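Positions are given from 1, in the same order as the sequence printed here. Ligands are counted one by one from 1 in listed order, and the atoms in each one are counted from 1 as well. Everything numeric in this text was worked out from a predicted model, so none of it was measured.
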Amino acid sequence: MTETLNITTTQIAESRLTGTDFSNLPFGKVFSDHMFIAEYENGEWTNLQVLPFGPIMMSPAISALHYGQAIFEGMKAYRQADGKISVFRGDKNFERFNKSAVRMAMPTIPQDIFKAGIAALIEIDEKWVPNQDGYSLYLRPVMFATDPYLGVKASDKYTFAILTTPTGPYYSKPLKVKIETEFTRADEGGVGFAKTAGNYARSIFPFAEAAKEGFDQLIWTDASTHEYIEEAGTANLIFVIDGKLVTPSVRSTVLDGVTRDTIIHLAKAAGIEVEERRISIKEVIEGIENGRLTDAFAAGTAATVTPIGQISYEGKLYTLTDPATRTVSQGIAKTLNDIRYGLVPDENGWNWVL
Ligand code: COI
């Protein structure tokens with residue numbers, strides 16, 4: 001594949017692998033030796049390259065910096081039990097990347113370039129795929145507008161890059177979250193369903209305020225009434241109420257999470273009833289109080305399956321069931337990991353084995 005697409009490779013002079021402590025891999029801080037870059041100009045993707053990870057030259061006038069035409073994805077490559085490396089549900093991430101591109105008036109990326117970039121990077125940086133349980137090589141495809149032009153319009157030029165970073169889970173303990181009812185992450189008709197930079201930018205201030213009060217994350221609510229739960233910004237949200245798996249339906253304000261979708265499939269296959277619908281804050285709080293809500297977790301590529309331990313609403317802190325007793329999320333998380341690490345058959349064809 002790499003030959004047909006003509007990817008130019010420049011090897012790093014000296015690998016940083018031996019100086020990397022694989023027992024200390026905070027999310028997104030340690031990058032592998034190489035990155036993949038492609039450029040879009042005159043209506044086509046050109047100049048496909050694998051090159052040492054590092055700074056790239058950019059004009060300070062590029063429109064991504066001023067107007068936010070920037071999208072990304074989050075995917076993971078796992079070292080399987082037999083030593084092979086596989087990328088989990090890459091096809092779904094690829095589809096979502098292009099959905100985000102269309103919404104942000106950016107060019108789509110052809111699947112062969114997306115896949116060949118990942119394959120070439122993993123081939124050259126194979127040793128960067130961790131082999132500890134719960135660890136993986138996080139892949140971050142990103143595209144941004146590079147016209148050095150201050151007029152507000154779709155850029156004519158773009159850069160597509162793939163960065164890779166060996167990592168463990170984004171969260172290391174059950175989450176203490178706050179239901180956010182003042183600020184909003186996304187509004188109808190906006191870009192909430194797209195994985196675009198601005199959605200994350202607008203969440204940073206409210207999250208920083210909540211972090212000062214000791215919260216690990218926010219639960220975003222709908223923009224018009226603040227009565228319905230949407231997502232967590234870094235992950236989707238899933239609850240178990242009356243034994244059913246209940247999750248906010250995907251809409252223009254909620255990201256169509258790949259882990260969320262995978263969990264829905266696995267739950268149905270395990271005979272658990274699944275409801276994708278609107279969930280009110282009232283239902284969640286009452287469920288905690290009357291014991292009908294028995295499990296709650298964040299689900300995402302980076303977050304994996306992270307239990308929610310406590311939820312704050314209007315200044316009152318509610319403690320959920322002990323995460324150690326939560327059989328539904330633990331069972332699903334185990335099945336999910338077993339598939340990703342090749343410990344059980346991949347019946348749905350989710351692993352792209354390289
Ligand atoms: C991912 O789960 O891959 C994400 O993109 C979330 C990220 C903002 C940490």
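- Less than 4.0 angstrom separates some heavy atom of G74 from each of these atoms of ligand 1: 3 (O).
- Remark: minimum distance from atom 8 (C) of ligand 1 to any protein heavy atom is reached at Y200 CE2, 3.6 Å.
- Taking atom 2 (O) of ligand 1 as the reference point, the nearest protein heavy-atom neighbour is A302 N, 2.8 Å.
- Every residue two or more places apart in sequence or in another chain that forms a side chain to side chain donor-acceptor pair (under 3.5 Å) with T221 is listed here: H226.
- When hydrogens are left out, the protein atom nearest atom 9 (C) of ligand 1 is Y170 CE1, 3.5 Å; that is the closest non-hydrogen contact.
- Which parts of ligand 1 touch Y138 is read off a 4.0 Å heavy-atom cut-off, strictly below it: atoms 1 (C), 3 (O), 4 (C), 5 (O).
- Here salt bridge (charged side-chain N to carboxylate O under 4.0 Å, His left out) pairs that include residues 69-88, with residues two or more places apart or in two chains, are E73-R96, R79-E126, D82-K84.
- The six-membered or imidazole ring of Y200 lies near that of F72, with a centre-to-centre distance under 6.0 Å.
- Of the protein's non-hydrogen atoms, the one nearest atom 6 (C) of ligand 1 is T234 O, 3.7 Å.
- For atom 4 (C) of ligand 1, the nearest protein heavy atom (residue, atom name, distance) is K195 NZ, 3.4 Å.
- If you check each of E73, R140, K76, M75 against atom 7 (C) of ligand 1, the one with the closest non-hydrogen atom is R140.
- For ligand 1, the atoms sitting less than 4.0 Å from at least one non-hydrogen atom of F72 are 5 (O), numbered in the order shown with element in parentheses.
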- Message: Determine whether R185 and E231 satisfy the following criterion, salt bridge (Lys or Arg N to Asp or Glu O under 4.0 Å), listing intermediate values before the conclusion.
- Response: CA-CA 9 Å; R185 173 188 173 273; E231 59 156 282; 3.2 Å; yes

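- For the pair R326/T321, a side-chain contact is recorded, criterion being any heavy-atom separation below 4.5 Å from C-beta on.
- Residue F88 is not grouped with residue I118 when hydrophobic side chains (ILVMFWY) are merged at heavy-atom distances under 4.5 angstrom, including chains of intermediate members.
- Exactly one residue among I279, N236, D222 makes a side chain to side chain contact (heavy atoms under 4.5 Å, CB included) with E230. That residue is D222.
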